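To start, the structure itself, in structure tokens.
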Amino acid sequence: MNGPGWMEIVLTIAVTVALAWPLGAYLARVWQGERTWLDPVLRPVERVIYAGCGVRADRSQGWLSYAASFLAFSAASFVVLYLTLRFQDLLPLNPQGFKGVSPDLAFNTAVSFVSNTNWQSYVPEQALSTFSQMAGLTSHNFLSAAAGIAVAAAMARAFAAHRGEGIGNFWADLTRITLYVLLPVSLVLAVAYIALGEPQTLLANVTAHTLEGGKQTIALFPTASQEAIKQLGTNGGGIFNANSAHPFENPNAWTNLLEIVSMNVLGYACVVAFGRIVLARKDARALVTVMALFVVAAASAIYATETQVPPAQAAAHVATDVSMEGKEVRFGAPSTAVWAAATTGASCGGVNAMLDSFMPLGGGVAMFMMQLGEILPGGVGSGLYGMVVMALIAVFVAGLMVGRTPEYLGKKVEAREIKYAMLAVLILPLAILGFTAVAAVLPVALKGLANPGAHGLSEILYAYSSASGNNGSAFAGLSANTPWWNTTLGIAMLLGRFAYVIPVFAIAGSLVAKPKLAATAGTFPTDGPLFVGLLVGVILIMGGLQFFPALALGPIVEHFQALQAVAAR
Amino acid sequence: MTLATHPLGEDRRKASALVSSFSGPMLVRALGDACLKLDPRKLTGNPVIFATEIIAILATVSTALAVARGGDWGFALQMAIWLWATVLFANFAESIAEGRGKAAADSLRATRVTTKAKLLDHPSARDYTLKPAHELAVDDVILVEAGEIIPADGEIIEGVASVNEAAITGESAPVIRESGGDRSAVTGGTTVVSDWIKVRVTASAGSTFLDRMIAMVEGADRRKTPNEIALAVLLAGLTLIFLIAVVTLLGLGAYSGVKLSPLVLGALFVCLIPTTIGGLLSAVGIAGMDRLLKVNVLATSGRAVEAAGDCDTLLLDKTGTITFGNRMATEVIPAPGVRPERAMEAALIASLADETPEGRSIVELARGQGVDVQAPAGAEVIPFSATTRQSGLNASGRVWRKGAVDAVLKTLGMAQGEMPKELAAAVDRIARSGGTPLAVSEDGALVGVIHLKDVVKPNVKERFADLRRMGMRTVMITGDNPITAAAIASEAGVDDFLAEATPEDKLRLIRAEQAKGRLVAMCGDGANDAPALAQSDVGVAMQTGAQAAREAGNMVDLDSDPTKVIEIVEIGKQLLITRGALTTFSIANDVAKYFAIIPAIFVGALPALGALNVMGLASPKSAILSAVIFNALIIVLLIPLALRGVKYRPIGAGRLLQRNLLIYGLGGLVAPFVGIKLVDLLVSALGLA
């Protein structure tokens, strides 16, 4: 630990949060269908799309209809992607001549990309054709992100309405968010990545002759463009197995900074846009503060644990004060720590180090960030609606304490909202703990583990936390490309995305019809430090407490065991 | 705010006939009821306590099995005892809250009439036949004479009597009840002290006010309020989450080589689920109704009490609430060219038939100044009405009127500007001083203006400032003209006022406020208040008021004190605050319980986790037992708080939350660490585990 390291962590997060404001303002305009400076170019394209697809963009949908559109779109995407992967050998752009993907892997991968998770049970450069990567996966990197952001837009409209009915038009939202936000920003990022040294080519691979006379086949892909949307859309699915630890995906400190910023900025921007539309900018600022506080705390905790003298190395009298195992030398501990916090808080899942090699508590923090519900700042769009669910619960519990039926942003929080919020909150423990408990005693599942004991349990717990939270990062050490893992992780991803989002839609539907109340002196303030503290507490206690026993048997016991083992010597 | 610091309600601090405090027999009865409630079928409405009982049964079975196998059953037995105690304590909390209502209901039942009623053969005659009270039908007309108990709810159609309503209100000073107007309703079970009345029965046996009151205080048809339902959903959700957390430990534990007994997992589950608030939730609700009863207010539903806490706008009648009811005539200003005596005489004649305090004060003023005339023979009384806003006499072609200045001018066909300058100036002066000007006319000519003085009650300004800090807007309703209203409004410190208000205006104002998403509270007593009372979210009708008003409102104030609505709001808030505080406390407790139980159950197989035993509890068994004991005892310890309610302070939402979060949030985090440690010291000292 040192000053510059801390500075790096704080500055990275500060830059991200600061950039979220202009982006959020722009995003709000896109959500509202207002004019933007891209209109001259994009408006005609938008019109052609609407005309071609028969979308009536001005027709606002009720929550059921909006939810049905969202689900239908996701289901159709899943089918197309599944077929693309299964039959990639019959499709063009397959320079390496890969075979079709197995059914369970195709299921897992299709769910993974449709649910904005990007869990990868396979080694991409050894399994997927360029067509599968570009047409199949990259397109869903855009569309699943846009669908998530659309739900956030719908939630914003529900809060803004006064006895309203519709929460917007899903198809228009999907189109506008993709066209006006994801495509242009990705384009800029991709160009920047190319300038900073990432490859962008349709060539299959190059062959290198090493100094020792060996021959290496180095895979090449249109990396820069994939990298841009991978981070921006909190997808996280790398084009290479090593993800952003690979020198092509993340060659230097500048790309590293850009990738960290771009994986969190849109999550924060959704909150800012929400605040603008709901006319609650200060309240949105409080939500952003909560999110950023968690990321800072997690990054600090990981930085602190990763810069302790590793017990085993201390016992072996190795002089080091950083645990560099699994980390890239070009990034070092602080960059690795802030990345790990950002990617697990954001449901991104891209990694620039091997989390499996973190100190037990460092890995535990990463796991905990995902278990808290992927709302810090969460996936694009999904972070906002997840945070709103938490805020509703916080407001309900504490709002009672000021002696009124609680309100959040002018909407009364009543039995219906609480019912749906609790349903949503139930999903993560059910999926994470449920699958982990079964996998922990099932021989067919345990075959995939690389490590025994507490670390092995961490690997299982991490995998299901990542899948259920739609994060997609892996703890490594787990060979997940087996029917058991592909299927159960696929189901966990489905639950985490779709079982969660249905109650969220129901909340939006209930809120939109309610009158928008004016705040009075008796209204519980949701924009100050008090609310920030309260929300932090509720997220920790309601979102995190149930994972304490599981964490105790995984990373926590591993930590104490390591300490004891060293002491015993 | 308590009654003691309540400036407007000090006169109300009298013993209530309805509510007795705790007593030995009551506690015994509550304990008996608590045991009866152990029937699982009675617990299905409370998932948290239901789940606890299932674990208690499991612990009992596990004790029996241990005994049968000849194993170590001491620990299992203690666990079973404390788990049953948890359920019993929760039931006890509910029973004791209900017990207070039941005691009140018993005392009410005793006043139910069993005597015979004098059913009149003809409403205009005085011949009657005796008929048992419970056989009376609606619209029967009965005679009640001095010393008799009124056998049914009804409306006086003839006569005046003083009635002792102590049975209902606890107030032993008799009140006047008379036919016509807003004081004509009588309640079954009250006693006529003097004179006689003829009463038209308005409610048949079983649906009388007394019957409804008994049902209310007994909680016979107590339904969960919306807020209670929301909270119950939250608690059920938490219970499910912790069920998942505990059940999955079976798999996780098996992987880690930890042997977990169902008993220990059950204990962990009971400790984690919110038993504290789950056990106290219904007691809090019942106690809230009880507190209302204590200030002599009957609510028709718990929902109304909750709505009271939510109100944003409070409509207050000026008279009797903001100012002392009796406006006194202090002077009569004659019109130019009219002799002062003649103006006074006209004012007197116009007021002769006016039995209101204002009317009588005019008569007194005139007689005090030596002006005295009798009503002309054959005079026709023109009563005051809310639409004409004037009253007076017609006799042998002559007409006397007095009333609101604009109303009288309108009747005379005069525009405001046509009023003589001197009078206009007088009206202005009176109004601006906060008084009420009344115009007096005689035979179609304006003869003068009466000055009625209206005095604002002391301390109301502070009270309204408190309300503002609670986030409530106060709107003063008055029939006065805007200038008068403004003067009084600024003196009293209300946020807004509605002047020259007709019942329709009132209704319109309520609807407008509600359209803005606000909840409106008001009180009223007149029959013309009924639509507004029905429309408002919290409508408090006065017990002395018209029957229509009592039917329309969702609360009845037995003291008929219009300032009571402020107290009702506070009780509503207190109810919500108590629920929120106990929930927060309950959930915050879980952190300490984890730190007690998790190391205890894992430390055998994974000694490294002993490091999590931050409380330094003696042994795994004593740690688990201590957590369970603490979990049970905390319910008992919090029963007084649940019944008394968390004190409401009008300090603004932010500061109130900060305060309560500190006490119940942080307190809930820290208290169990201390509590469990203390129990553990005791348990290990006694060698219980």
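Every chain is numbered from 1, with letters handed out A, B, ... down the list of sequences. Since we're looking at a predicted model, the values are computed, not measured.
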Straight-line distance of A:F396 CZ to B:L231 CG, nearest 0.5 Å: 5.0 Å
Most chain B-contacting option - heavy-atom pairs closer than 4.5 Å, from A:P549, A:G554, A:A550: A:P549
Within 6.0 angstrom of B:R655 CZ, more than 12 heavy atoms from elsewhere: no
Distance-minimising heavy-atom pair for B:A611 and A:F560: CB-CE2, 3.3 Å
Point-to-point distance, once rounded to the nearest 0.5 Å, from CG of B:L249 to CG of A:L433: 8.5 Å
Proximal component of A:L446, with respect to chain B [non-hydrogen, under 4.5 Å]: side chain
More than 12 heavy atoms of other groups within 6.0 Å of B:K516 NZ: yes
Validation row: B:I244, A:Q546 side chains within 4.5 angstrom (heavy atoms): no
Leading residue by heavy atom contact count with chain B [cutoff under 4.5 Å; candidates A:V538, A:I556, A:L530, A:L540]: A:L530
Side chain, backbone, both or neither of A:R416 within contact of chain B (heavy atoms, under 4.5 Å): neither
Straight-line distance of B:T248 OG1 to A:I432 CD1, nearest 0.5 Å: 10.5 Å
B:S256 and A:L457, any side-chain heavy atoms less than 4.5 Å apart: yes
Closest heavy-atom pair and its distance - A:P525, B:A653: CD-CB, 4.1 Å
Between B:I241, B:L656, B:T583, the one whose heavy-atom pairs under 4.5 Å with chain A are most numerous: B:I241
Closest-packed option against chain B by number of heavy-atom pairs under 4.5 Å, given A:I541, A:V557, A:T523, A:L553: A:L553
Close side-chain approach of A:F548 to B:L612, heavy-atom, < 4.5 Å: yes
Over all atoms of both residues, closest heavy-atom pair of A:E414 and B:A230: C-CB, 4.0 Å
Within-4.5 Å side-chain heavy-atom neighbours: A:L400 and B:N227: yes
Heavy-atom proximity to chain A below 4.5 Å, by part of B:R468: backbone
Atom pair CG (B:L234) and CE (A:M542), whose distance is rounded to the nearest 0.5 Å: 5.0 Å
Check: B:Y594 side chain, A:L545 main-chain N or O, donor-acceptor pair, under 3.5 Å: yes
A:K412, part contacting chain B, at a heavy-atom distance under 4.5 Å: side chain
Residue selection (most heavy-atom pairs with chain B, distance under 4.5 Å) from A:L442, A:I418, A:L517, A:T405: A:T405
Interatomic distance, B:T239 atom OG1 to A:M422 atom CE [nearest 0.5 angstrom]: 8.5 Å
Leading residue by heavy atom contact count with chain A [cutoff under 4.5 Å; candidates B:I601, B:L576, B:V591, B:L575]: B:L576
pair A:E407-B:D310: side-chain heavy atoms closer than 4.5 Å: no
Taking every non-hydrogen atom, the tightest pair across B:I598 and A:A552: CG2-CB, 3.9 Å
Closest contact, heavy atoms only, B:L657 versus A:A398: CD1-O, 3.3 Å
Heavy-atom contact with chain A under 4.5 Å, split by part of B:A515: backbone
Closest non-hydrogen atom pair between B:Y255 and A:V441, with its separation: N-CG1, 4.5 Å
CZ-CG distance between A:R404 and B:L519, expressed to the nearest 0.5 angstrom: 7.5 Å
Other residues, nucleotides, ligands: >12 heavy atoms within 6.0 Å of A:E165 CD: no
Chain B contact via A:L423 - side chain, backbone, both or neither, heavy atoms under 4.5 Å: neither
Greatest number of heavy atom pairs closer than 4.5 Å to chain A - which of B:L661, B:V233, B:L609, B:L582: B:L609
Which atoms of A:H162 approach chain B - backbone, side chain, both or neither, heavy atom under 4.5 Å: side chain
pair A:Q561-B:L606: side-chain heavy atoms closer than 4.5 Å: yes
Heavy-atom contact with chain A under 4.5 Å, split by part of B:L238: both
